[in-house]
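These numbers were taken from a predicted model, which means no experiment stands behind them.
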Amino acid sequence: DLILQLLTIIDQVSLDELGLRKKLKQEVERYYKFQNILGVDKQKIELMDVDIKSYAKHILKDGNLFEKRELLSHLKDKVLFTDRIITLSR
C-alpha cells in the first residue's frame with residue numbers, strides 16, 4: 001500500500017514545518033472548541049512540543065483523503081512513484 005510506503009520514508013523527507021505547524025494550530029483550536037462544547041476543562045497543548053514528523057505520520061495513518069493530499073503538498077522533496085514503489089528524489 002502506498003500509505004505504508006510513505007510512512008516508512010517520512011522520517012527522511014524534508015517537510016514545510018511552518019505550513020504543517022499552521023495546520024496543527026488549526027486542529028488544536030478545533031479541539032479546544034470541541035472541549036468547550038462538551039464543557040470539559042481545556043487541556044493546554046504546547047504546539048512547540050509536538051514533533052512535526054509524528055503529526056505527519058498521524059495524518060497518513062488516520063487522516064482523511066483531503067488531509068493526506070494537503071500533507072503531500074507540504075513535502076519539500078520530490079517523491080517518485082515507479083513500478084508501484086515510492087522513492088525520494090532530492
Q | Residues that I37 engages under side-chain contact (heavy atoms from CB on, under 4.5 Å), provided they are two or more places apart | A | none
Q: Any pair with a residue in residues 32-41 that passes salt bridge (Lys or Arg N to Asp or Glu O under 4.0 Å), sequence neighbours left out, goes on the list, sorted by first then second residue, please.
A: none
**Q.** Qualifying salt bridge (Lys or Arg N to Asp or Glu O under 4.0 Å) pairs, either residue in residues 49-64, two or more places apart
**A.** D11-K57
Q | Under 3.5 Å donor-acceptor, D77 side chain and V13 backbone | A | no
Q. If you measure from CG on L4 to CD1 on I9, what distance do you get to the nearest 0.5 Å?
A. 12.0 Å
Q) Under a 4.5 Å cut-off applied to non-hydrogen side-chain atoms, are L72 and V79 in contact? A) no
Q | All pairs passing salt bridge (Lys or Arg N to Asp or Glu O under 4.0 Å) where residues 80-89 contributes a residue, at least two apart | A | none
Can you give each donor-acceptor pair under 3.5 Å made by side-chain atoms of residues 15-25, sequence neighbours left out, with the distance rounded to 0.1 Å?
from	atom 1	to	atom 2	distance (Å)
D16	OD1	G19	N	3.3
D16	OD2	H74	ND1	3.3
R21	NH1	L47	O	2.8
R21	NH1	V50	O	3.4
K23	NZ	E27	OE2	3.4

Q: To the nearest 0.5 angstrom, please state how far the CG atom of L75 sits from the CG atom of L6.
A: 7.5 Å
Q: Applying side-chain hydrogen bond (donor to acceptor under 3.5 Å, both in side chains), name anything that partners Y31, two or more places apart in sequence or on another chain.
A: Q35
Q.
Any heavy-atom pair between the side chains of L88 and L80 that's under 4.5 Å?
A. no
Q) How long is the gap from CD1 on I3 to CD1 on I86, to the nearest 0.5 Å? A) 7.5 Å
Q. Remaining members of F34's ILVMFWY cluster at a side-chain heavy-atom cut-off under 4.5 Å?
A. L38, V40
Which atom pairs, one a donor and one an acceptor, fall under 3.5 Å between side chains of residues 64-71 and the rest of the protein, sequence neighbours left out?
from	atom 1	to	atom 2	distance (Å)
N64	OD1	F66	N	3.1
N64	OD1	E67	N	2.8
E67	OE1	N64	N	2.8
K68	NZ	L60	O	3.4

